[in-house]
Amino acid sequence: MCNDENTSNDQPDWDSLRSSLELGQRLTGSVALVPRPGAVGIVIDLGLPVQGFVDVLLLPFDVGRWPIEGTVTDFLIWWMDPKKAQIRLVPAKAMYRREDFDTWCLSNAPAGNPKLLAEFDFES
């Protein structure tokens, strides 16, 4: 499900899907692609018409701690682009997040609002 054929670029379909999702919502997905470890993030197959993506900035500094292709784990919706069919995710498990995540997200939280993170159900 992680090829371009299964990625919706149709705005009405994306608007409909996006309206059924919310920031902080937990989704289970499988790591579908790790294109350039340490340089870009990872692509997640969520079983939806739109792929998920975890930005390199949210992943551990040590690429040896990144989830590998085929890893099934939980993610939280970090951000959704209102114009492009794109679901940005953050790993729910601390082992797959950057080491200074708690401090880093004070100035890099979704929508620029660290208070939003109180609604996120992170795992330690």
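Shown here is Leu57, whose CG atom has more than 12 heavy atoms of other residues, nucleotides or ligands within 6.0 Å.
Counting only distance, with no hydrogens or angles, the side chain of Ser16 and the backbone of Asp13 share no donor-acceptor pair below 3.5 Å. Side-chain N or O atoms of Arg97 include one that pairs as donor or acceptor with a backbone N or O of Ala92 at under 3.5 Å.
Note on residues 58-69: pairs passing side-chain hydrogen bond (donor to acceptor under 3.5 Å, both in side chains), not counting sequence neighbours, are Arg65-Glu99. For residues 29-43, no pair satisfies salt bridge (Lys or Arg N to Asp or Glu O under 4.0 Å), with sequence neighbours left out. Residue pairs meeting the ring pair (Phe, Tyr, Trp, His ring centres under 6.0 Å) criterion with at least one partner in residues 67-86, sequence neighbours excluded, are Trp78-Phe101.
The shortest heavy-atom contact between Pro49 and Leu17 is CD-CD2, 4.3 Å.
Side chains of Ile87 and Leu48 form a contact here, defined as non-hydrogen atoms less than 4.5 Å apart. Using a 4.5 Å heavy-atom cutoff, the side chains of Met80 and Leu21 are in contact.
Thr28 is linked by a side-chain contact (heavy atoms from CB on, under 4.5 Å) to Val72, Asp74, counting only residues two or more places apart in sequence or in another chain. Listed by chain and residue number, Val31, Ile42, Leu59, Thr71, Tyr96 satisfy the side-chain contact (heavy atoms from CB on, under 4.5 Å) test with Pro67 (two or more places apart in sequence, or in another chain). Evaluation of the side-chain hydrogen bond (donor to acceptor under 3.5 Å, both in side chains) rule for Gln25 yields no partner, not counting sequence neighbours. With sequence neighbours excluded, the residues forming a side-chain hydrogen bond (donor to acceptor under 3.5 Å, both in side chains) with Arg98 are Asp100, listed by chain and number. In this view, Asp81 satisfies the salt bridge (Lys or Arg N to Asp or Glu O under 4.0 Å) rule with no residue, not counting sequence neighbours. Shown here are the side-chain hydrogen bond (donor to acceptor under 3.5 Å, both in side chains) partners of Asp102, two or more places apart in sequence or in another chain: there are none.
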Show every donor-acceptor pair shorter than 3.5 Å between a side-chain atom in residues 108-121 and any protein atom, with sequence neighbours excluded, or say none if there are none.
{"unit_1": "Asn108", "atom_1": "ND2", "unit_2": "Trp104", "atom_2": "O", "d": "2.9"}
{"unit_1": "Asn113", "atom_1": "OD1", "unit_2": "Lys115", "atom_2": "N", "d": "3.0"}
{"unit_1": "Asp121", "atom_1": "OD2", "unit_2": "Arg26", "atom_2": "NH2", "d": "3.3"}

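The CG atom of Asp15 sits 10.0 Å away from the NZ atom of Lys83 when rounded to the nearest 0.5 Å.
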